[in-house]
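Working notes, beginning with the structure itself.
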Amino acid sequence: MIFSRAMAYACLTVLAGILAVVAVLMILLTIVQIARGEAVPEPVARAVGTVIAAGLAFLCRAVAKRLV
């Protein structure tokens with residue numbers, strides 16, 4: 001039981017970190033495209049994806065903290 005909790009905590013923490021990095025990279029990509037004067041393809045879809053990734057990162061981190 002302790003090992004499974006530790007594994008769940010580790011996996012959720014890593015997943016939260018990966019999702020946070022994805023959200024930051026999506027924001028950075030949008031900023032770079034705007035700075036270069038390029039058209040941002042489907043900005044609404046990108047914004048929704050960024051919000052979902054950030055929300056899931058927060059949710060994974062909250063669940064991981066609850067396991068401890």
Side-chain angles (χ1 to χ4, degrees):
M1 173 92 170
I2 292 173
F3 180 73
S4 62
R5 274 190 169 185
M7 285 299 295
Y9 176 78
C11 290
L12 286 170
T13 303
V14 170
L15 181 60
I18 290 171
L19 287 169
V21 168
V22 166
V24 168
L25 287 176
M26 290 174 75
I27 292 169
L28 185 64
L29 174 64
T30 303
I31 292 170
V32 168
Q33 282 183 328
I34 290 171
R36 292 179 65 184
E38 299 176 3
V40 179
E42 299 183 20
V44 174
R46 188 176 295 172
V48 168
T50 302
V51 169
I52 289 173
L56 285 175
F58 178 75
L59 182 67
C60 287
R61 189 66 182 139
V63 171
K65 282 186 176 184
R66 185 173 166 92
L67 287 175
V68 175

Checklist entry - According to the salt bridge (charged side-chain N to carboxylate O under 4.0 Å, His left out) rule, which pairs have a member within residues 56-68, sequence neighbours left out? => result none
Item to check | side-chain contact (heavy atoms from CB on, under 4.5 Å) involving E38 - partner list, sequence neighbours excluded | outcome: Q33, R36
Could you pull out all donor-acceptor pairs under 3.5 Å where a side-chain atom in residues 18-30 meets a protein atom, sequence neighbours excluded?
unit_1	atom_1	unit_2	atom_2	d
T30	OG1	M26	O	3.0
T30	OG1	R46	NH1	3.2

Checklist entry - Do the side chains of V44 and I52 join up, straight or via other hydrophobic residues, at under 4.5 Å, putting them in one cluster? => result yes
Just distance, no hydrogens or angles: give the donor-acceptor pairs under 3.5 Å from side chains in residues 4-11, sequence neighbours left out.
unit_1	atom_1	unit_2	atom_2	d
S4	OG	M1	O	2.8

